[in-house]
Amino acid sequence: MADSPQPVPVSFPEFQPLTTAKWQERLTRDLKGQDPATLRWQTPDGFAVEPFYHQEALAELGGAPAPLVRAAGAWRNVPTYVVPAASRGHEAIDRAAAALQLGAEGAHFVLAQADEFDADYLAQQLPLADTYVGFTLRRGAAGLLARLAATGAGSLRGFLVLDPLTHHVPDLATQLQELRGVLATSRAWPEFRALGLDVAYYGNRGATTTQQIAFALNTAAAYLSKLPNEELSVADVAAALHLHVAVASNYFFEIAKLRAFRRLWATLLHAYGLPAEAAEHLTIFASTATWSQTTLDPHTNLLRHATEAMSAVLGGADAVSVGTFDSLFHEPNDFAERLARNLPVLLREEAHLGQVQDPAAGSYYLETLTDTLAREAWALFQQLEAAGGLPAATGQVMSLLHEAAQAQFRRIATGQQVVVGTNRYQNAQEQFDFNPKRLLRSPGFDSTRATYPTEVLRLATALHFERRELKKKRAALVLLGTHTNEIILESFLQTLPKLERPELHHAHPEGTLSVLFSSSEQATLMYATPEQFGQLARTVSGVPLDEAGFMPPTLLTADLATMQEAVQIFGLKEFTVEGYSTEAVLSRLQGRDASPGAAAASEAE
């Protein structure tokens with residue numbers, strides 16, 4: 001139109017450009033002479049983040065890198081639905097079909113037993129040819145795709161995550177052969193990625209940002225090396241690759257993580273002789289992390305999910321799945337699912353986060369962070385490849401993962417890493433919207449999360465005080481986890497003035513499990529080897545010692561005499577903090593008055 005406004009250059013002449021030296025001078029003045037270097041942040045990934053970045057940062061990168069533009073423009077809002085074992089999936093499919101009418105743009109099904117999933121019912125309820133659908137499963141991929149193809153729905157859109165390498169399956173050769181068949185079947189579906197990498201496995205178990213990127217590259221390299229044959233080329237395998245990542249609440253790092261993935265993907269494919277254009281077709285499905293979810297003060301999960309979803313979108317994810325805030329302790333419900341589904345809708349429709357691709361491009365900080373993460377991850381990737389790659393280096397990968405998770409547990413226990421509602425600004429009067437006893441007994445209670453050691457202690461403590469007040473006659477033994485007593489000690493010491501922090505009387509040996517013995521009279525923190533606890537659990541549960549497949553539950557109950565005798569027979573040892581009883585430790589962690597004298601008087605009564 002003739003009267004349409006014409007674009008003009010954007011200029012702010014009233015703001016004079018400032019050099020880095022001027023910024024440094026201003027920082028020093030505002031810090032009243034303190035060295036700005038003291039504001040450097042040492043990251044869990046092993047490198048430091050500067051207090052500010054200026055235009056020289058891009059010069060050090062050789063100029064501003066090219067923006068990372070996805071082949072497909074818009075990102076999708078794709079909720080996740082868990083389909084339990086022995087379920088046909090009808091309930092989950094019905095929920096997904098309803099969500100498509102209410103703002104969802106696809107569905108992701110996590111199948112515990114793929115052979116039972118009703119593909120015909122899925123095709124009846126969802127227009128598969130037009131709907132983005134993802135599947136995550138451990139076995140039965142070939143059968144599932146065959147049933148989907150038999151529905152006559154035509155070319156599928158979406159992805160499949162099987163990833164036997166990441167899940168350490170014992171029959172890897174058989175699974176790889178099945179994957180070759182899956183890739184052959186899906187070759188006729190250009191918008192379906194059948195070789196999904198479960199990078200979320202590492203993100204939801206405490207891996208650092210660098211580790212997540214490196215481990216994913218090692219996994220991709222293994223598939224690119226092992227899967228091609230006479231009928232399947234390297235290009236075919238690369239075209240089928242897809243990433244499922246977990247996005248946690250470290251806002252800028254998660255944005256940079258997704259950008260670093262895309263940068264390094266081109267480098268990896270180049271090493272296999274593939275053109276740069278092949279990397280442009282990488283698709284990323286980003287889920288809010290279960291690692292960062294909490295049971296305590298659970299509405300804070302809504303805030304975490306908001307920043308995580310923003311990181312996913314701004315980092316360049318092709319599809320985003322927001323989890324429900326109460327999934328740790330509630331069955332799927334309309335209210336929580338509506339909140340989760342509407343969060344991406346708000347980001348697109350009200351915050352307009354879908355209108356610009358790679359908005360982080362050109363940012364001094366984010367470009368530097370992306371480059372640093374990419375360099376660190378590539379170095380770790382090469383180190384693991386030199387050790388034989390996957391699966392040969394699986395032991396090294398799991399050791400690094402364990403160290404990173406334990407370090408984060410310690411940071412949370414000491415308050416160095418803040419988790420609002422769990423280790424800072426706790427609600428001492430919080431009324432649980434669930435039954436702690438039932439939750440601790442539930443096999444589905446996620447014990448891999450960052451706050452689990454802190455939460456299980458809080459839940460066990462609440463359970464103990466409830467039992468004491470009700471004068472329960474039966475005793476309980478709660479499995480707190482590995483190394484939890486160390487975390488309990490560090491958390492407890494943070495509640496005391498520095499001058500009152502006692503020394504640890506004696507630590508429990510390496511590799512033992514922490515347990516809480518609870519009766520109406522007392523509570524005792526103890527430790528045991530996995531073998532001791534396993535034998536005790538079998539005895540209390542009435543399971544023969546030679547029966548295979550038994551998994552000790554988190555919560556054991558029995559009459560007091562039986563439990564006391566079992567504890568003595570199997571040699572569980574008491575964990576102590578010098579000068580404080582277990583009751584005093586638990587009371588203080590629960591926010592109750594618990595001086596050593598008060599605790600001693602309470603026990604004397």
Inset, instruction - Please examine the side chains of Val456 and Leu440, heavy atoms only from C-beta on, and report whether any two atoms are closer than 4.5 Å. - result: yes

Inset, instruction - Scan side-chain atoms only and decide if Thr283 and Asp318 contain a donor-acceptor pair under the 3.5 Å cut-off. - result: no

Inset, instruction - Using a 4.5 Å cut-off on heavy atoms from C-beta on, say whether the side chain of Ile213 contacts that of Phe261. - result: yes

Inset, instruction - Walk me through it: do Ser292 and Ser249 pass the test side-chain hydrogen bond (donor to acceptor under 3.5 Å, both in side chains)? - result: CA-CA 7 Å; Ser292 56; Ser249 49; 4.7 Å; no

Inset, instruction - May I ask you to decide whether Arg205 forms a salt bridge with Asp446, counting only side-chain N to carboxylate O separations under 4.0 Å? - result: no

Legend entry - Pairs satisfying salt bridge (charged side-chain N to carboxylate O under 4.0 Å, His left out), at least one member in residues 363-382, at least two apart: Arg259-Glu367, Arg263-Glu367, Asp371-Arg375

Inset, instruction - Please check if the side chain of Thr370 supplies one atom and the backbone of Ala260 the other of a donor-acceptor pair under 3.5 Å. - result: no

Legend entry - Sub-4.5 Å side-chain heavy-atom contact between Leu390 and Val397: yes

Legend entry - Pairs where residues 383-407 contributes a residue and the test salt bridge (charged side-chain N to carboxylate O under 4.0 Å, His left out) is met, not counting sequence neighbours: none

Inset, instruction - Determine whether Gln211 and Leu400 make a side-chain contact, defined as any pair of heavy atoms from C-beta on separated by less than 4.5 Å. - result: yes

Inset, instruction - Could you list all the side-chain hydrogen bond (donor to acceptor under 3.5 Å, both in side chains) pairs where at least one residue sits in residues 56-69, not counting sequence neighbours? - result: Thr20-Glu56, His54-Glu56

Inset, instruction - Apply the side chain to side chain contact (heavy atoms under 4.5 Å, CB included) test between Val322 and each candidate in Thr288, Leu339, Val247, Asn77; give the one that qualifies. - result: Thr288

Inset, instruction - Show your working on side-chain contact (heavy atoms from CB on, under 4.5 Å) between Tyr132 and Glu105 and close with a plain yes or no. - result: CA-CA 7 Å; Tyr132 188 85; Glu105 296 160 314; over 6 Å; no

Legend entry - For Pro44 against Thr208, the heavy-atom pair lying closest together: O-CG2, 3.8 Å

Inset, instruction - State, yes or no, whether a side-chain contact exists between Pro298 and Glu430 at a heavy-atom distance under 4.5 Å. - result: yes

Inset, instruction - From the options Phe434, Tyr452, Phe329, select the one residue that forms a ring-ring contact (aromatic ring centres under 6.0 Å, His included) with Phe445. - result: Tyr452

Legend entry - Closest non-hydrogen atom pair between Gly421 and Leu296, with its separation: O-CB, 3.8 Å

Inset, instruction - Would you please name every residue forming a side chain to side chain donor-acceptor pair (under 3.5 Å) with Tyr272, sequence neighbours left out? - result: Ser225

Legend entry - Trp41/Phe253 aromatic ring centres below 6.0 Å: yes

Inset, instruction - Quick one: list whatever passes salt bridge (charged side-chain N to carboxylate O under 4.0 Å, His left out) with Arg304, sequence neighbours left out. - result: none

Inset, instruction - List for me each residue that meets side chain to side chain contact (heavy atoms under 4.5 Å, CB included) alongside Ala336, sequence neighbours excluded, and say none if there are none. - result: Thr324, Phe325, Asp326, Asn333

Inset, instruction - Scan residues 241-257 for pairs that pass salt bridge (charged side-chain N to carboxylate O under 4.0 Å, His left out), counting only residues two or more places apart or in two chains. - result: Glu254-Lys257

Legend entry - Worked check of side-chain hydrogen bond (donor to acceptor under 3.5 Å, both in side chains) between Tyr223 and Asp163: CA-CA 9 Å; Tyr223 288 131; Asp163 200 357; 2.7 Å; yes

Inset, instruction - Starting from the C-alpha separation in whole Å, work towards a yes-or-no answer on side-chain contact (heavy atoms from CB on, under 4.5 Å) for Leu224 and Leu269. - result: CA-CA 9 Å; Leu224 288 166; Leu269 296 190; 4.0 Å; yes

Inset, instruction - Enumerate the residue pairs fulfilling salt bridge (charged side-chain N to carboxylate O under 4.0 Å, His left out) with a member in residues 335-347, sequence neighbours excluded, ordered by first and then second residue. - result: Arg95-Glu337

Inset, instruction - Verify ring pair (Phe, Tyr, Trp, His ring centres under 6.0 Å) between Trp291 and Phe409, making sure each step is shown before the conclusion. - result: CA-CA 11 Å; Trp291 173 256; Phe409 289 149; 5.8 Å; yes

Inset, instruction - Taking all non-hydrogen atoms of both residues into account, name the closest pair between Ala220 and Trp265 and its distance. - result: CB-CH2, 3.7 Å

Legend entry - Stepwise side-chain contact (heavy atoms from CB on, under 4.5 Å) test for Arg410 and Gln416: CA-CA 8 Å; Arg410 286 191 294 272; Gln416 180 183 351; over 6 Å; no

Inset, instruction - May I have the step-by-step check of side-chain contact (heavy atoms from CB on, under 4.5 Å) for Tyr53 and Leu369, ending in yes or no? - result: CA-CA 10 Å; Tyr53 291 85; Leu369 185 56; over 6 Å; no

Inset, instruction - Please work out which of the three classes, parallel, tilted or perpendicular, describes the rings of His108 and Phe159, given edges at 30° and 60°. - result: tilted

Legend entry - Side-chain touch Thr166/Phe215, heavy atoms, less than 4.5 angstrom: no

Inset, instruction - Could you tell me whether Tyr425 atom OH has more than 12 heavy atoms of other residues or ligands within 6.0 Å of it? - result: no

Legend entry - Glu50 side chain vs Arg40 backbone, donor-acceptor pair below 3.5 Å: no

Inset, instruction - Write down the atom of Phe381, the atom of Ala221, and the distance for their closest heavy-atom approach. - result: CE1-CB, 4.1 Å

Inset, instruction - Only counting residues at least two apart or in another chain, list the ones meeting side chain to side chain contact (heavy atoms under 4.5 Å, CB included) with Gln417. - result: Gln408, Arg411, Ile412

Legend entry - Side-chain heavy atoms of Ile284 within contact of Arg262, under 4.5 Å: yes

Inset, instruction - Heavy atoms only: give me the nearest Asp45-Thr209 pair and the separation to one decimal. - result: OD2-N, 3.2 Å

Legend entry - Derivation of the side-chain hydrogen bond (donor to acceptor under 3.5 Å, both in side chains) call for Thr290 and Asn204: CA-CA 6 Å; Thr290 59; Asn204 285 327; 3.2 Å; yes

Inset, instruction - Please determine, by modelled atom types, if His168 and Thr394 share a side-chain donor-acceptor pair under 3.5 angstrom. - result: no

Inset, instruction - List in chain and number order the residues that pass side chain to side chain donor-acceptor pair (under 3.5 Å) with Ser311, two or more places apart in sequence or in another chain; answer none if no residue qualifies. - result: none

Legend entry - Sub-4.5 Å side-chain heavy-atom contact between Leu314 and Leu353: yes

Legend entry - Expected output: side-chain Thr28 to main-chain Gln24 donor-acceptor under 3.5 Å: yes

Legend entry - salt bridge (charged side-chain N to carboxylate O under 4.0 Å, His left out) against Arg449, all qualifying residues, sequence neighbours excluded: Glu455

Inset, instruction - Find the distance between CG (Leu31) and CZ (Arg29) and round it off to the nearest 0.5 Å. - result: 11.5 Å

Inset, instruction - Locate the shortest heavy-atom distance separating Leu274 from Ala238; write the atom from each residue and the value. - result: CD1-CB, 3.4 Å

Inset, instruction - Start with the C-alpha distance between His244 and Ser287, add both sets of side-chain angles, then the distance that settles side-chain hydrogen bond (donor to acceptor under 3.5 Å, both in side chains), and finish with yes or no. - result: CA-CA 8 Å; His244 175 201; Ser287 298; 2.9 Å; yes

Inset, instruction - Quick one: list whatever passes ring pair (Phe, Tyr, Trp, His ring centres under 6.0 Å) with His330, sequence neighbours left out. - result: none

